[in-house]
There are 2 protein chains.
Amino acid sequence: MESAPEGAGLPTTQSPSSNDRREQLLEAADRVVQREGSAASMNLIAAEAGITKPILYRHFGDKGGLYRALADRHIDRLLARLRAALTTRGGLTARTRATVDAYLAAVEEQPQVYRFLMERAAAEDVAVRGQVLGVVRRFGDELADGLSAEAALAPIGETRARVWAQGIAGMVQAAGDWWLDHPDIPRGVVVDELIALMFGEFGLGTPSLGTPTA
Amino acid sequence: MESAPEGAGLPTTQSPSSNDRREQLLEAADRVVQREGSAASMNLIAAEAGITKPILYRHFGDKGGLYRALADRHIDRLLARLRAALTTRGGLTARTRATVDAYLAAVEEQPQVYRFLMERAAAEDVAVRGQVLGVVRRFGDELADGLSAEAALAPIGETRARVWAQGIAGMVQAAGDWWLDHPDIPRGVVVDELIALMFGEFGLGTPSLGTPTA
DNA sequence: CTATGGTGTTACCGCTGGTAACCTCCTGTC
DNA sequence: GACAGGAGGTTACCAGCGGTAACACCATAG
C-alpha cells in the first residue's frame, strides 16, 4: 500500500516535463495496442517508447496503472463525443440516436483499442472495468434522466434508473461488440435497429405488466 | 497445429475411464475457480486434483481447452434452465420474465464462476467468449422469434433480429454484471425493471421513428 | 518374457509482471 | 569551482506463468 503515491486519476501538479514524458509513453502504449492488440506487454510498450521497463513502472506504478491511464485518455475523449451528441438539438429520439451513433463510430474508428479496453484491460484491472462500463452507464444515466423529464413519465425511481441505465448501456455495448465481427453491416443500420428496439417497437401491444412498487 | 487432436466440444468416444477422469479434473477446476476466482492457474488446478500439470495438458491440450470445457459444462446447464423457463406456459411477457429470472438466478448462485467465465475465460480464449456471448444471444434470438410470432408484428428482418437479440442479451448480461456489485437489491426487482424496460415502458409515447427499410 | 499404452513424475524452457541496485548527467547551492 | 542531490536510464535479477520433453511405473496382450 505504500507505493503508487499519485493515482492515475488525480491530476497531480508535478514537474511539467514529467507529464510530457507521461504523455509520450501513453502514446507509445497506444501505438503498441493498436498494432499488437491483446499481445501488448510492458516490454513491448517500453521498447516502442525507446526505453526499458523500470521507467514505465516508475511512471505508472504497475500494469493496472498504465491500463488505467490508457483507459482514461480514451474514455475522456469518448465521453466528450457522447456528451456532444447527447446535447444536440432535437427530440429525445434524435438525441439518443446521435449518441448511439457516436458510440458506434468510436468503436468503428479504433476497433483494436476498443477491444483491448473491453477485454484485456477490463479483465486485468477492476478499476478499468468500472471505468469502461462507467462511461456507457453514465450515458444510460443521462438517457434515463432525459426520458423521465421528457416522456411525461413520473420521475422514475432510483433503482429503476440504475437498472435501466445499465441495461441500455449493455445493450449498446453488446451490439457494438457483435458489430465488430460483422463489419459488412453499415453503422447506420445497427443504430436504427437499436433505436427501434429502445423506442417502443419491441414490446408494442404487450403492456401487461403491473408497474412494480418502486 | 498438430496438437489437440480432439476438441473440447466433440464428445469423442474414448476409453470410458478417461472421460471419468476428465470429469474429475473439471470438478477440481470448478472448485479452484470458485475458491480462487481469477487467480485460478493450471498449477493450482492440478494441485487441487492431486496431480501435476502435464496431465491437465494431456487431457485438455492447453489452457484454452480447459476453459472451453469448463465453459461448456456451465453453459449447457444454464442453457437447459433458460430453455425450460422460455417454454413455460403463459404470455410472452411472463415467459420472458421467467427466462430473465433464470439467468439472474444462475448468476446469483455462482457469482465467482460467472465472473470467471465472463471476464477471465472470455478474455483468454476467443472461443469461450463466443460461447458465453452465444448463450445469451441464443436466448435473445428465441425471444425475438417469439416476439415476431406473438406480437402480431410483421416477421422481423434478419438484421433486425440479430441486432435485437444481441442487444437484449447484452442488456440482461450487463444488468446481471452490475447486480453482482449490488447484492442488496433483490433479484425480483432487477427482473421487473428489465421487463419494464423491454416491454414498452421505456419509449412510451415516443414512436417518432420512421421504420428503417429492413 | 517382451512390447505397448496409459498414468504419472521431475525438470526444464521462454516469457511475463515486477524490483533492486547501480550509473550518469544536469541542476542548484555554498 | 566543488559538491550534494535528484531526475532519467540501465542491467540483472526474481517468482510465477503456460507449456513441453524425457523418463518411470505399472498394467494387459501376444
Side-chain angles (χ1 to χ4, degrees), chain A residues 1-6 8 12-26 28-29 32-33 36-70 116 120-121 123-128, chain B residues 1-6 8 12-26 28-29 32-33 36-70 116 120-121 123-128:
Chain A
M1 291 294 184
E2 66 277 15
S3 68
E6 24 120 23
T12 56
T13 42
Q14 236 186 345
S15 69
S17 65
S18 172
N19 266 343
D20 289 0
R21 283 276 178 272
R22 192 187 166 91
E23 277 299 309
Q24 285 183 1
L25 299 183
L26 283 178
V32 174
V33 166
E36 307 282 345
S38 258
S41 77
M42 299 297 271
N43 264 324
L44 279 178
I45 293 172
E48 169 73 28
I51 53 165
T52 50
K53 264 195 305 178
I55 307 180
L56 276 185
Y57 284 95
R58 275 220 256 276
H59 272 274
F60 301 102
D62 61 352
K63 197 170 69 150
L66 205 174
Y67 284 178
R68 249 171 284 140
L70 220 51
F116 178 80
R120 271 290 294 202
E124 207 80 34
D125 190 282
V126 195
V128 170
Chain B
M1 293 293 182
E2 65 276 16
S3 69
E6 22 121 24
T12 55
T13 43
Q14 238 185 343
S15 70
S17 65
S18 172
N19 266 342
D20 289 359
R21 284 276 180 271
R22 193 188 166 92
E23 276 300 309
Q24 285 183 0
L25 298 183
L26 283 178
V32 174
V33 166
E36 307 282 346
S38 258
S41 77
M42 298 299 269
N43 265 323
L44 278 178
I45 293 173
E48 169 73 28
I51 53 166
T52 49
K53 264 194 304 179
I55 306 181
L56 275 185
Y57 283 95
R58 276 220 257 275
H59 272 274
F60 301 103
D62 61 352
K63 197 170 68 151
L66 205 174
Y67 285 179
R68 251 171 282 140
L70 220 51
F116 178 80
R120 269 294 289 207
E124 206 81 36
D125 190 282
V126 195
V128 171

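Keep in mind it's a predicted model, so treat the numbers as computed, not measured. Just so we're on the same page: letters track the sequence lines, and every chain starts at 1.
Between B:Phe60 atom CZ and D:dG19 atom P there is a gap of 13 Å when expressed in whole angstrom units. A straight line from NZ of B:Lys63 to P of C:dC15 spans 17 Å, rounded to a whole angstrom. For A:Leu66 and C:dT16, the CG to C1' distance is 15 Å, given to the nearest whole Å. Rounded to an integer number of Å, the gap from CG of A:Leu25 to P of D:dG8 is 10 Å. Summarising the geometry, the separation between OH on A:Tyr57 and P on C:dA21 is reported as 18 Å, rounded to the nearest angstrom. Atoms CE (A:Met42) and P (C:dG14) sit 23 Å apart, rounded to a whole Å.
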Exercise. Where each pair must be Watson-Crick or G-U wobble with both distances under 3.5 Å, what dot-bracket representation of DNA chain C is obtained, with crossing pairs in [ ] and other-strand partners as |?
Worked result: ||||||||||||||||||||||||||||||
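Pairing each heavy atom of B:Ala40 with each of B:Phe116, the nearest pair is CB-CE1, 4.4 Å. When all heavy atoms of A:Glu48 and A:Ala28 are compared, the pair lying nearest together is CG-O, 3.6 Å.
Rounded to the nearest 0.5 angstrom, B:Met42 CE and B:Ile45 CD1 are separated by 6.0 Å. Taken from CD1 in B:Ile51 to CG in B:Leu25, the straight-line distance is 5.0 Å, to the nearest 0.5 Å. Note: B:Arg21 CZ to B:Arg58 CZ = 13.5 Å, rounded to the nearest 0.5 Å.
B:Asp62 meets the side-chain contact (heavy atoms from CB on, under 4.5 Å) test with B:Arg68; sequence neighbours excluded.
Ring centroids of A:Phe60 and A:Tyr67 are separated by 6.0 Å or more, keeping the two rings apart.
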For this session: Please test B:Val128 against B:Leu70 for side chain to side chain contact (heavy atoms under 4.5 Å, CB included), starting from the C-alpha separation and ending with a verdict.
Result: CA-CA 9 Å; B:Val128 171; B:Leu70 220 51; over 6 Å; no
Below 3.5 Å between N/O atoms, which protein atoms pair up with nucleotides 9-16 of chain D? Just atom names and distances, please.
residue: D:dG9; atom: N7; partner: A:Arg58; partner atom: NH2; Å: 2.3
residue: D:dG9; atom: O6; partner: A:Arg58; partner atom: NH2; Å: 2.8
residue: D:dT10; atom: OP2; partner: A:Thr52; partner atom: N; Å: 3.0
residue: D:dT10; atom: OP2; partner: A:Thr52; partner atom: OG1; Å: 2.6

